[in-house]
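Data block below; observations after.
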Amino acid sequence: MTAPLDQPSERIHAMDAIRAFALLLGIALHAGLPFVVGLDASIWPIMNAQKSDVLTVGSFVIHVFRMSVFFLVAGFLARSMLGRLGTTEFVRNRAKRILAPLVVFWVVCFVLIVIIAVWAMARANGGKLPDPMPASSLKNGLSFIHLWFLYILLWVYAAVLGLRVVIQSIDPRGKTQVWADTALHSVLSSTLGLAWLALPIAAALLLKSDWLANQGIPTPAYSLIPDPAPFFIYTFVFGLGWLLDRQRDLLNLIARRWWVNFAWGAITCVICLGLLASTGAQASNVAPSFTTAMKLAYAAAYAVAVVGLSLAFVGAGMRFVNHASPKLRYLADASYWMYIAHLPVVMALQTLFMFAEWHWALKFAAINALSFAFLLVTYRYAVRKTWVGLLLSGKKHAV
C-alpha cells in the first residue's frame, strides 16, 4: 500500500533503533582503526604496534554497509517527515537539526582532533614532535572529519527535493512513482533482485578513475562539492528508503528475507576479501593491483554486499526490535550526540593506551567501554536537558 505524502504515517520504532545502531557501529569502527593491518598515518593518525586480522576484517565489513544503512533510513524518515511538515517546515527542521549541529560541532571537534593528533605524534616520538612532521599532517585542505555524513545529507536533501519538483512538473499524474513502486516491489521479491539494485552502485565505483577498491565506497569528506561517486551511491540508497516509505508493506518482506540478504552480503564480502588477499592488498591508500576482470568482479561483488548487508541490517531490525522500548528509545535519542562527539574521545583513549602492554582485544574493549560510558554520561547530564539537546533533537527532555 502506498502512503500518500500529504498524510502522516505511523511511527516505526525499528527505524530509530536501526539508525542508532548504524551510528554507534561507527564508534566501534573508529576505535579499532589503530589495529587494522595495512592502515597508515595518512588514513588514521594514531597507530598501534599490535595489529589484528579480526579487526581488519571487521572494519572492512562494517564499512561495507554502515553508512548505506544510515542513508537508507534517512530517506525513509525524510519522506515521512516531509509528509507531516510540508516542504517549508521540512527545510527549516533540517537546517536546525543537521546544518546547525554540523557548523557548531565541526569547529569544536576539529580543534580537539588536531590537539589530540599532535599529542599522539609527540607521544609516539618520545615526547617531542617529529622533525620533519609527517607529510600527511601537513596537508592543507577542507575536511568535514567524521561529520561529513551531515554535509552530504544536506546535498542529498537538496537533490531529492529538486528531483521531486521536476518529476511532479513533467509527470503530474504520478506514473513515474507508480512505475518506481512496481519496480522496487518486483526487485525486493526476487531472489536475484539484489543484482539490479547493486548495478548502479557498481557502475558508480567503476566510473571513478582513482577508486581505491580496498577502501570501498570513498569517504566524501574533503571538498565543498561532493565526489560524484559516493554522492550518487548515497543518494541512490536514500532514494530506496524514500520509496520504502511509499510502500511500507515491503518492510515486512525485508524482515522475512533478512537472512537471505545477509547470506548474499556475507558471500560477496568473502569474495571481495579473497580478491584483495590474492593481490596482497590491505587497508592502505594504494589501489590493489587488479586485472580488469578482477576489478569488474570486485565492484560487482562489493555492490551486492552493500545492498545485501544493508537490507539485512534493516530487515533484522524490523524483525527483532520493531517495538516500543524505553531503553531503545533512550539509546536512539543519545546516538546522535554520541556519534558527533565520539571521535576526539576515541582518539584520546587510543593515544593514552598506545604503549600499554595489553592484548589488542583488551585495548579495543577498553577504548569502546570508556568511550561509550563517557558519551552516555555526558548525554545524560550535559546534553539531554540542555540547549545542546535542543539543538540536536529539537527539544529538551525532562528526564
Side-chain angles (χ1 to χ4, degrees), residues 42-43 60-72 74-75 141-144 148-149 151-160 162-163 166-167 176 179-180 183-184 187 192-243 264-265 267-276 278-279 281-311:
S42 66
I43 299 175
F60 177 88
V61 173
I62 291 173
H63 186 64
V64 168
F65 70 90
R66 186 180 67 88
M67 291 313 302
S68 295
V69 167
F70 174 84
F71 278 94
L72 189 150
L142 178 67
S143 173
F144 287 103
W148 64 264
F149 75 104
Y151 184 66
I152 298 302
L153 192 55
L154 293 172
W155 276 91
V156 173
Y157 286 144
V160 171
L163 181 62
V166 171
I167 292 175
T176 302
W179 175 86
L184 184 62
V187 166
L192 299 178
L194 292 186
W196 291 105
L197 293 177
L199 186 60
I201 297 175
L205 294 173
L206 288 170
L207 289 173
K208 183 173 172 58
S209 59
D210 58 346
W211 179 42
L212 297 178
N214 44 350
Q215 294 184 21
I217 300 175
T219 301
Y222 308 105
S223 63
L224 284 173
I225 306 298
D227 186 306
F231 177 66
F232 170 81
I233 292 170
Y234 291 130
T235 303
F236 176 73
V237 294
F238 183 98
L240 292 180
W242 184 282
L243 292 176
W264 276 110
I267 291 168
T268 46
C269 266
V270 170
I271 293 173
C272 289
L273 289 167
L275 287 170
L276 290 176
S278 70
T279 67
Q282 296 172 322
S284 68
N285 59 350
V286 178
S289 54
F290 284 153
T291 64
T292 300
M294 291 173 67
K295 188 174 182 180
L296 287 171
Y298 184 91
Y302 195 90
V304 171
V306 169
V307 176
L309 291 181
S310 297
L311 290 179

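Since we're looking at a predicted model, the values are computed, not measured.
- Taken to the nearest 0.5 Å, the OG1 atom of T219 stands 9.5 Å off from the CD1 atom of I43.
- The side-chain hydrogen bond (donor to acceptor under 3.5 Å, both in side chains) check on T176 picks up D171, with sequence neighbours excluded.
- The structure places CG of N214 at 12.0 Å from CG of L275, a figure rounded to the nearest 0.5 Å.
- Taken to the nearest 0.5 Å, the CH2 atom of W242 stands 12.5 Å off from the OG1 atom of T235.
- The ring pair (Phe, Tyr, Trp, His ring centres under 6.0 Å) check on F71 picks up Y234, with sequence neighbours excluded.
- Scanning both residues, P218 and P220, for their nearest heavy atoms gives O-CD, 3.2 Å.
- Residues satisfying the side chain to side chain contact (heavy atoms under 4.5 Å, CB included) criterion with L273, sequence neighbours excluded, are V57, F60.
- Listed by chain and number, the residues in a side-chain hydrogen bond (donor to acceptor under 3.5 Å, both in side chains) with W179 amount to none (sequence neighbours excluded).
- M294 places a side-chain heavy atom less than 4.5 Å from the side chain of S278.
- Evaluation of the ring pair (Phe, Tyr, Trp, His ring centres under 6.0 Å) rule for Y157 yields F90, F238 as partners, not counting sequence neighbours.
- Qualifying ring pair (Phe, Tyr, Trp, His ring centres under 6.0 Å) partners for F149, counting only residues two or more places apart in sequence or in other chains: F70, Y339.
- With sequence neighbours excluded, the residues forming a side-chain hydrogen bond (donor to acceptor under 3.5 Å, both in side chains) with Y151 are W155, listed by chain and number.
- Annotation: the span from L311 atom CG to L197 atom CG amounts to 7.0 Å, rounded to 0.5 Å.
- Side chain of W264 to backbone of L309: no donor-acceptor contact under 3.5 angstrom is found.
- For K295, there are no salt bridge (charged side-chain N to carboxylate O under 4.0 Å, His left out) partners two or more places apart in sequence or in a different chain.
- Contacts classified as side chain to side chain donor-acceptor pair (under 3.5 Å) and involving residues 297-310 (residues at least two apart or in different chains) are not found.
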Counting only pairs under 3.5 Å, give me each side-chain donor-acceptor contact of residues 200-210, with atom names and distances, residues two or more places apart or in other chains.
residue, atom, partner, partner atom, Å
K208, NZ, D210, OD1, 3.0
K208, NZ, D227, OD2, 2.5

